[in-house]
Amino acid sequence: MFYWVMKHIVIGPLVKLVFRPWVKGLDNIPREGAAILASNHLSFSDSIFMPLEVPRPVTFLAKSEYFTGKGLKGRLTAAFFRMTNQLPMDRSGGAASSLSLGAGAEVLGRGELLGIYPEGTRSPDGRLYRGKVGVARLALECRVPIIPVAMIGTEQVQPIGKKMPNIRRIGVIFGEPLDFTHLADRADEYEVQREVVDTVMERLMRLSGQDYVDKYAAAVKAEAAAAKDGDDGRSA
């Protein structure tokens with residue numbers, strides 16, 4: 001109920017009035033049945049703009065830090081994310097990440113739409129980075145299509161570190177569904193998972209027009225942070 005009210009009465013009409021999003025390919029979203037919406041990730045606001053354009057509810061896998069904040073602000077943030085159909089995604093790898101993907105599989109098992117960011121984190125510079133194989137595992141194991149989604153211009157609305165958004169028009173492009181069921185029997189093979197996610201990223205690159213970087217965005221962010229710490233240390 002909260003999700004419906006926020007989408008159709010509170011946030012939805014306001015966002016559409018202020019940001020005037022343009023949309024292409026909405027007919028690629030199935031009217032029923034499970035599917036994965038795999039999107040590039042330019043801004044925190046991607047998780048707001050994209051679901052508002054989809055007629056059906058979308059459950060997102062969001063980074064677990066949004067659900068573990070302390071104090072009143074942390075509890076309110078966690079409550080908001082849960083009430084807006086978002087699930088915590090542990091990005092540390094191993095068993096924790098597998099458990100998070102299991103929650104996503106339950107959403108798909110109910111015949112619903114699941115939103116996920118294959119890059120695993122926001123792009124640090126507007127380019128498209130290497131995808132992680134979690135989205136491939138889900139698609140293969142659950143035998144559901146992947147719909148590539150390109151967010152356009154959202155990094156200009158809310159750049160990393162900026163709390164208040166800029167008023168600019170944004171776009172959302174829904175690509176044609178990608179069917180990998182012919183590979184489902186090989187879902188456990190890393191080479192197959194990599195082939196699937198690379199295909200998804202190639203399609204996202206075409207839809208979004210972004211330059212592609214064959215490195216993980218998280219690694220690039222870590223390298224930049226380490227370099228900054230080194231510069232700060234030399235300056236001290």
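Between the side chain of Y190 and the backbone N or O of V133 there is no donor-acceptor pair closer than 3.5 Å. Checking side-chain atoms of N28 against main-chain N and O of F174 turns up a donor-acceptor pair under 3.5 Å. At least one donor-acceptor pair under 3.5 Å links the side chain of R56 to the backbone N or O of G33. In this structure, the side chain of S43 engages the main chain of Q158 through a donor-acceptor pair within 3.5 Å. Side-chain N or O atoms of K221 include none that pairs as donor or acceptor with a backbone N or O of T121 at under 3.5 Å. Using a distance-only test at 3.5 Å, with no hydrogens or angles considered, a donor-acceptor pair links the side chain of K7 to the main chain of P51. Between the R168 side chain and the V157 main chain, no donor and acceptor come within less than 3.5 Å of each other.
The side-chain heavy atoms of T59 and L113, taken from C-beta on, include no pair separated by under 4.5 Å. Contact of the L207 side chain with the V149 side chain is not registered, since no non-hydrogen atoms from C-beta on lie closer than 4.5 Å. Inter-residue side-chain proximity for D125 and S123 is flagged as met; some heavy-atom pair is nearer than 4.5 Å. Side-chain contact between Y117 and R122: absent, with no pair of heavy atoms (C-beta onward) separated by less than 4.5 Å. The closest side-chain heavy-atom distance from I116 to L37 is not below 4.5 Å.
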Open item on the list: Using salt bridge (Lys or Arg N to Asp or Glu O under 4.0 Å), reason through R143 and D179 one step at a time and then give a plain yes or no.
Closed with: CA-CA 8 Å; R143 296 174 180 264; D179 183 2; over 6 Å; no
Run the side chain to side chain donor-acceptor pair (under 3.5 Å) test on N166 and Q156 for me, step by step, so that the C-alpha distance in whole Å, both residues' side-chain angles and the decisive distance to 0.1 Å come before the verdict. CA-CA 7 Å; N166 302 312; Q156 298 174 21; over 6 Å; no
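The cluster map of Ile, Leu, Val, Met, Phe, Trp and Tyr, joined by side-chain heavy atoms under 4.5 Å apart, puts I152 and V54 in different clusters. Follow the hydrophobic side-chain contacts under 4.5 Å out from W22 and you never reach M151; the two are in separate clusters. Cluster membership check: L204 does not share its hydrophobic cluster with I173, using side-chain heavy-atom separations under 4.5 Å among Ile, Leu, Val, Met, Phe, Trp and Tyr. Both L138 and V192 are part of a single hydrophobic cluster, where members link through side-chain heavy atoms under 4.5 Å apart.
Using modelled atom types and a 3.5 Å distance limit, the side chains of Q210 and N40 yield a donor-acceptor pair.
Ion pairing between a basic and an acidic side chain is recognised when a charged N comes within 4.0 Å of a carboxylate O; R127 and D211 show no such pairing. Here R186 pairs with E189 in a salt bridge; the nearest charged N to carboxylate O distance falls below 4.0 Å. Salt-bridge formation is not detected for the pair E119/K215: no Lys NZ or Arg NE/NH1/NH2 atom is positioned less than 4.0 Å from an Asp or Glu carboxylate oxygen. Between R203 and D198 no salt bridge is recorded (no basic side-chain N to carboxylate O distance below 4.0 Å).
Going from atom CZ of R110 over to atom CD of E106 covers 6.5 Å, rounded to the nearest 0.5 Å. Interatomic distance, CZ of R137 versus SG of C142, reported as 10.0 Å (0.5 Å rounding). If you take NE2 on H8 and CG on L52, they are separated by 9.0 Å, rounding to the nearest 0.5 Å.
Annotation for R169: atom CZ counts as buried by contact number, over 12 foreign heavy atoms lying within 6.0 Å.
Aromatic pair Y129/Y212: ring centres not closer than 6.0 Å.
Minimum interatomic distance between A217 and P124 (heavy atoms only, all atoms of both residues): CB-CD, 4.2 Å. Nearest heavy-atom pair across A34 and V144 is CB-CG1, 3.7 Å. Here the closest heavy-atom approach between residue V197 and residue P118 is recorded as CG2-CB, 4.5 Å.
Aromatic ring orientation, F49 versus F19: perpendicular (interplanar angle above 60°, classes split at 30° and 60°).
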